[in-house]
> 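Quick one: the structure is below, questions incoming.
Just the heavy atoms: all of them, side chains too, but no hydrogens, waters or symmetry mates, feed the values below.
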Amino acid sequence: MVDSDSAWKWMGAGSGLLAAVLIFIGFGLAGDYGDTLDTSSPATEIAKFYISRSDQIELGSLIGLVGLISFFWFLGYVRAHLHASEGDVEWLMSVAYGGGLLSIGVLLGAILIQLATHSVSLADAQVAKTLFFLQWNYVWLFTPPMIAMTLATSVLAIRFRALPLWVGWVGVAVSVTLLMPWIGVFLFLAWTLVVSVVLMLKSTKLQKYVR
């Protein structure tokens, strides 16, 4: 029988896995606009694209919002776990936590833009193109906060063993890929999932497998 304290730890750690999956599904449903459109596409074509995916954009946005709620829980659990690490890690923990909070803020902004495209009509063709340009460049805002969270957490893993050493080095690699955010954001979600699974195992009797 699992005691209540272990169950809460398991749920806190597992919220990261849920967050990563839901955020990935949410943005995936909304569509990868780069495959069919670019900045030279006519405004009417962009508007038609948004209209054709209106239901998927709405559903994807709602799923993404639920994922971000779960990410809040995970971030709180990670903060508590890092705080328990040995050594003077307070400032690194603050960087990781602050980066996570800003990442949530940036993702909320992305969902807000997605929801705006959900309301586009053919009469709003120029508005649609403006929103498309905003989405096209918005991805760069993911880079600073996600690197802050990933890199600070990785340093804590490598230097202070807050997490397994290999998780830290994977995080460093993910931090580098975030300089190309159209790739790095998905690897960031994958890394979040990995950290979540590791923390879930550490909260059970299987922790010997993730040292």
Side-chain angles (χ1 to χ4, degrees), residues 5-27 64 67-108 110 139-211:
D5 186 54
S6 296
W8 274 107
K9 287 181 179 179
W10 191 85
M11 286 189 289
S15 60
L17 188 156
L18 181 62
V21 171
L22 290 180
I23 293 170
F24 179 82
I25 292 173
F27 281 97
L68 288 180
I69 292 171
S70 185
F71 196 84
F72 267 114
W73 282 70
F74 179 65
L75 195 57
Y77 184 84
V78 170
R79 176 184 170 87
H81 178 80
L82 296 179
H83 188 72
S85 302
E86 295 181 2
D88 185 13
V89 300
E90 188 70 31
W91 72 274
L92 280 170
M93 183 193 69
S94 297
V95 171
Y97 185 67
L101 288 177
L102 284 175
S103 295
I104 291 174
V106 173
L107 286 166
L108 281 171
V139 68
W140 288 104
L141 294 183
F142 293 119
T143 296
M146 289 185 177
I147 286 181
M149 179 181 175
T150 309
L151 195 56
T153 304
S154 297
V155 171
L156 285 167
I158 295 169
R159 177 64 180 83
F160 298 102
R161 298 299 190 271
L163 290 164
L165 189 63
W166 64 269
V167 173
W169 286 116
V170 170
V172 171
V174 170
S175 298
V176 174
T177 67
L178 281 164
L179 295 172
M180 302 175 289
W182 49 91
I183 297 173
V185 169
F186 297 104
L187 294 178
F188 172 82
L189 291 176
W191 179 80
T192 299
L193 188 151
V194 168
V195 172
S196 177
V197 171
V198 166
L199 290 176
M200 288 173 71
L201 292 174
K202 286 177 74 70
S203 68
T204 68
K205 294 180 181 179
L206 298 173
Q207 58 182 297
K208 62 183 179 181
Y209 296 110
V210 288
R211 289 176 180 172

> Give the minimum heavy-atom separation between Leu82 and Ala162, together with the two atoms involved.
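Shortest heavy-atom contact: CD2-CB, 3.7 Å.
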> Considering all heavy atoms of both residues, which atom of Gly67 and which atom of Ala19 are nearest to each other, and what is their separation?
O-CB, 3.3 Å
> Compare every heavy atom of Arg79 with every heavy atom of Met93, then report the nearest pair and how far apart it is.
SD-O, 3.5 Å
> For the side chain of Thr143 and the backbone of Leu179, is there at least one donor-acceptor N/O pair under 3.5 Å apart?
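Judged by distance alone, no pair lies under 3.5 Å.
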> Between Ser196 and Ser15, what is the shortest heavy-atom contact and its length?
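Closest approach of Ser196 to Ser15, heavy atoms only: OG-N, 4.5 Å.
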> Taking C-beta and beyond as the side chain, do Leu178 and Leu151 meet within less than 4.5 Å on heavy atoms?
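With C-beta onward as the side chain, the pair stays apart.
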> Quick one: CE on Met200 to NZ on Lys9, what's the gap to the nearest 0.5 Å?
14.5 Å
> Would you say the side-chain atoms of Ser154 pair up with the backbone N or O of Trp169, donor to acceptor, closer than 3.5 Å?
no
> Answer yes or no: does atom OH of Tyr77 have more than 12 heavy-atom neighbours from other residues, nucleotides or ligands under 6.0 Å?
yes
> Do side-chain atoms of Thr192 reach the backbone of Phe188 as a donor and acceptor pair under 3.5 angstrom?
yes
> Could you walk me through whether Val172 and Ile158 satisfy the side chain to side chain contact (heavy atoms under 4.5 Å, CB included) test, starting with their C-alpha distance in whole Å, then the side-chain angles of each, then the deciding distance to 0.1 Å, before giving a yes or no?
CA-CA 10 Å; Val172 171; Ile158 295 169; 3.9 Å; yes
> Quick one, Phe160 and Leu92 - any side-chain contact, counting heavy atoms below 4.5 Å?
yes
> Would you check if Thr153 and Trp191 make a side-chain contact, meaning some heavy-atom pair closer than 4.5 Å?
yes
> Does the side chain of Leu199 come within less than 4.5 Å of Phe74's, by heavy atoms?
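Of all side-chain heavy-atom pairs linking Leu199 with Phe74, at least one is under 4.5 Å.
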> Are the side chains of Val21 and Leu193 in touch, meaning some heavy atoms are under 4.5 Å apart?
yes
> Side chains of Trp166 and Val198: closer than 4.5 Å at any heavy-atom pair?
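Yes, at least one pair of side-chain atoms sits under 4.5 Å.
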> Of the non-hydrogen atoms in Ile23 and Gly64, which two are nearest, and what is the gap between them?
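That would be CG1-O, 4.2 Å.
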> If I compare all heavy atoms of Gly168 with all of Ala157, which pair ends up nearest, and what's the gap?
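Residues Gly168 and Ala157, closest heavy atoms: CA-CB, 3.7 Å.
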> A side-chain contact here means heavy atoms from C-beta on lying under 4.5 Å apart; do Val174 and Met146 qualify?
no
> What I'd like to find out is whether the side chain of Trp73 reaches to under 4.5 Å of the side chain of Leu18, using heavy atoms alone.
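Side-chain contact under 4.5 Å: no.
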> For the CG atom of Leu108 and the CG atom of Leu102, what is their distance to the nearest 0.5 Å?
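One finds 11.5 Å between CG of Leu108 and CG of Leu102.
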> Going from CZ on Phe71 to CG on Leu75, what distance comes out if it is rounded to the nearest 0.5 angstrom?
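With rounding to 0.5 Å, CZ (Phe71) is 5.5 Å from CG (Leu75).
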> Nearest 0.5 Å, what's the CG-CG distance between Leu107 and Leu189?
7.5 Å
